Structure formats: structure tokens, C-alpha cells
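Working notes, structure below.
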2 protein chains.
Amino acid sequence: MVTYSADVTDDDLVFKALADPTRRILLDLLFQRDGRTLKDLESGLEMTRFGVMKHLKILEDAGLVVTRRSGREKLHFLNPVPIRMIHDRWIDKYREREVSALLALKAELEEKDRS
Amino acid sequence: MVTYSADVTDDDLVFKALADPTRRILLDLLFQRDGRTLKDLESGLEMTRFGVMKHLKILEDAGLVVTRRSGREKLHFLNPVPIRMIHDRWIDKYREREVSALLALKAELEEKDRS
DNA sequence: TTGACAGGTGACTAAATGGTCACCTATAGT
DNA sequence: ACTATAGGTGACCATTTAGTCACCTGTCAA
């Protein structure tokens, strides 16, 4: 049986982690391509290595990013599970149908806009 | 055509709004039952009316809560659309299948645990 | 029309957060 | 061995944020 450490404020770590724009960009980068190193991620941001490192630690502590060491490198991977749990907290089956339909309609209209 | 202010993006307001535990409780309360007044929401929290009011304003500015006036009362409703957009930002069709399966399995195991 | 009630604003303090730096450890390649 | 490279720690400062309060506006009902 898998146990998640400190159920207590687990969700607080997740939401706090998502609150910073730099950290969301980091997740975007990992969404595009997994398994990046700190050096790699750092090069895409206007910030010192230390800042990026702090952000990655916060993402990792929140469980949004999972890492694996490979020699002197540390590889970073996106973990979508906490994101899904946010979704499920405030969107039940009923609301999900409504929202999906609404967003589909919105996408359709924007598609027409573009043509 | 809608325009957004220069440095504060729409999604930043949403994530900042979700970063506070009190505001998440407010969303939980509205998830249970919509259309509540400030007085109603205030009674469930150990905080002055002013604190709750500030939090509700932040949620409203972020679009997570929509309101309607009725006489001297202001009714609050949960808007699930921004939550869904967070989900869609980092969970594509492929990951969604994986995550759903994983969470379903987890729920199943916890169900067995309880019996 | 008067008093109670629901909601709202601006200023203020204490705590949390983001970013940088000096300095440190461990691995890779020559 | 030794030098460059990848990553890590603790302290520090500037800014942001949560919460409270004195005071104000609008609505209801006797």
C-alpha cells in the first residue's frame, strides 16, 4: 500500500507551489518535454540558478515534479496526479459535463474566429 | 475582444487565489451549496467578516466565484471553469488516461481497506 | 423615520515569499 | 591529480500578503 507523506498539508504545498508564475513555466517546460536537468531548465529563464533550484525544490516537495539522479545530473519529470486531484475537488460529474461543453463551444468559436 | 492588464495575467489571479487555505475552504463551502451570503460563509470560519470579505473579493476577481446582488445581500456562486482550465494545461489526453486509471485504482484499494 | 442589519473601504502591522550571493560537495573527462 | 561542471545550503534583503480595525453606505422592517 502506497502512503503519501504528510497528508496533513499536502494540498497546501501543491497550491502554494502553483501560485508562482516561474514555477508554472517550469511545469510548462516539463509538460513539453520530461527528464530535463536543472541546467537545461535554467537556460530558459531569466533568473539565477539558485532561484530556479529553489522553485524546483518547492515543486518537488509538492509532488508536482518527480526526480531521478543520473551521475552528477538530476532529471526532472512532471507528475500530473496532484493536478487531477485539484480538478476532482471542485468539479463533480454534473459540473464536468457543463464545463466540458462550455469549453468545447468556446474552442469552436475561437476556431471560427481564426478562419 | 477582451484585453487583459499588462503584468497580471488572468491565470495568475486564479492560482494566487487558490494559494490560500481559507479561500479553498470558501470554495469547498460553495461546492457543497451555492448562493450563500457573506454572513453565511463568515459563520463557518474563525475570522472576522473583513478577512472573509477580502478573500471573497480575491476569488471573485479571479473568476472562481461569481456573485449576484439581491437587495442588501450578495449571493456567491462557484464557477468551475478556471479549475478545468488548470487541468487542461498540464494534463493531455494521454496523461489523463494514466492518471484516471491510477486514481481509480487508489480509490478501489482504499475501499477495500475500509471493509 | 429610525434603528438594526448586510455589505464595503483605506490604513496599518506581522508574517511569508522571491531572488541573490558566498561558499560547499560530488561527478566527469583529460 | 586536477580542473571544469552539475548540483546544493544558509543567510540575507525587498516585496507581497493575511488579518484586523475605525469608519462609511445602502437596504429592510416596525
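Bear in mind the structure is a predicted one, so any value in this text is a computation, not a measurement. The chains referred to below are lettered A, B, ... by the order of the sequence lines, with proteins before strands, and numbering in each begins at 1.
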Quick check on side chain to side chain contact (heavy atoms under 4.5 Å, CB included): which of B:Leu78, B:Val65, B:Asp20 does B:Leu59 satisfy it with?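 Of the listed options, the one satisfying the test is B:Val65.
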Using a heavy-atom distance cut-off of less than 4.0 Å, which residues of residues 69-79 of chain B contact DNA chain D?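 Going residue by residue through residues 69-79 of chain B, the ones with a heavy atom under 4.0 Å of DNA chain D turn out to be B:Gly71, B:Arg72.
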Which residues within residues 26-45 of chain A lie with some heavy atom under 4.0 Å of an atom in DNA chain D?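 Result for residues 26-45 of chain A: A:Thr37, A:Leu38, A:Lys39, sorted by number.
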Terminal contacting nucleotides, 5' and 3', DNA chain C versus chain A (heavy atom, 4.0 Å):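 Result: C:dT17 to C:dA28.
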Show your working on side chain to side chain contact (heavy atoms under 4.5 Å, CB included) between B:Glu42 and B:Met53 and close with a plain yes or no. CA-CA 8 Å; B:Glu42 171 199 345; B:Met53 206 187 319; over 6 Å; no
Distance, nearest 0.5 Å, that separates CZ of A:Arg84 from CG of A:Asp88: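 Rounded to the nearest 0.5 Å, the CZ-CG separation comes to 4.5 Å.
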Supply the atom-to-atom distance A:Met47 CE to A:His55 NE2, rounded to the nearest 0.5 angstrom.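 That separation rounds to 4.0 Å.
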Test item: [X] side-chain N/O and [Y] main-chain N/O as donor-acceptor pair under 3.5 Å:
| X | Y | result |
| --- | --- | --- |
| A:Ser100 | A:Arg97 | no |
| B:Arg68 | B:Leu75 | no |
| A:Asn79 | A:Gly63 | yes |
| A:Arg23 | A:Lys16 | yes |

Any donor-acceptor pair under 3.5 Å linking the side-chain atoms of B:Arg36 with those of B:His76?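 No, no side-chain donor-acceptor pair sits under 3.5 Å.
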Estimated bend of the helix from C:dT1-D:dA30 to C:dT30-D:dA1 (axis per five terminal pairs, rounded to 10 degrees):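 The angle, to the nearest 10 degrees, is 30°.
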Mark up nucleotides 11-21 of chain D, 5' to 3', with B wherever a protein heavy atom is under 4.0 angstrom from a base atom, S wherever such an atom reaches only the sugar-phosphate, and - elsewhere. B-----SSBBB
Send over the distance from A:Lys57 NZ to D:dG7 C1', rounded to a whole Å.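 Computing the A:Lys57:NZ to D:dG7:C1' distance gives 14 Å.
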Assess the residue pair A:Glu73 and A:Arg69 against the criterion (salt bridge (charged side-chain N to carboxylate O under 4.0 Å, His left out)); give the C-alpha distance rounded to whole Å, side-chain angles, the decisive distance to 0.1 Å, and a yes or no. CA-CA 6 Å; A:Glu73 291 183 333; A:Arg69 298 221 54 141; over 6 Å; no
How would you list, by chain and number, every residue that makes a ring pair (Phe, Tyr, Trp, His ring centres under 6.0 Å) with B:His87, sequence neighbours excluded?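 B:His87: ring pair (Phe, Tyr, Trp, His ring centres under 6.0 Å) contacts with A:His87.
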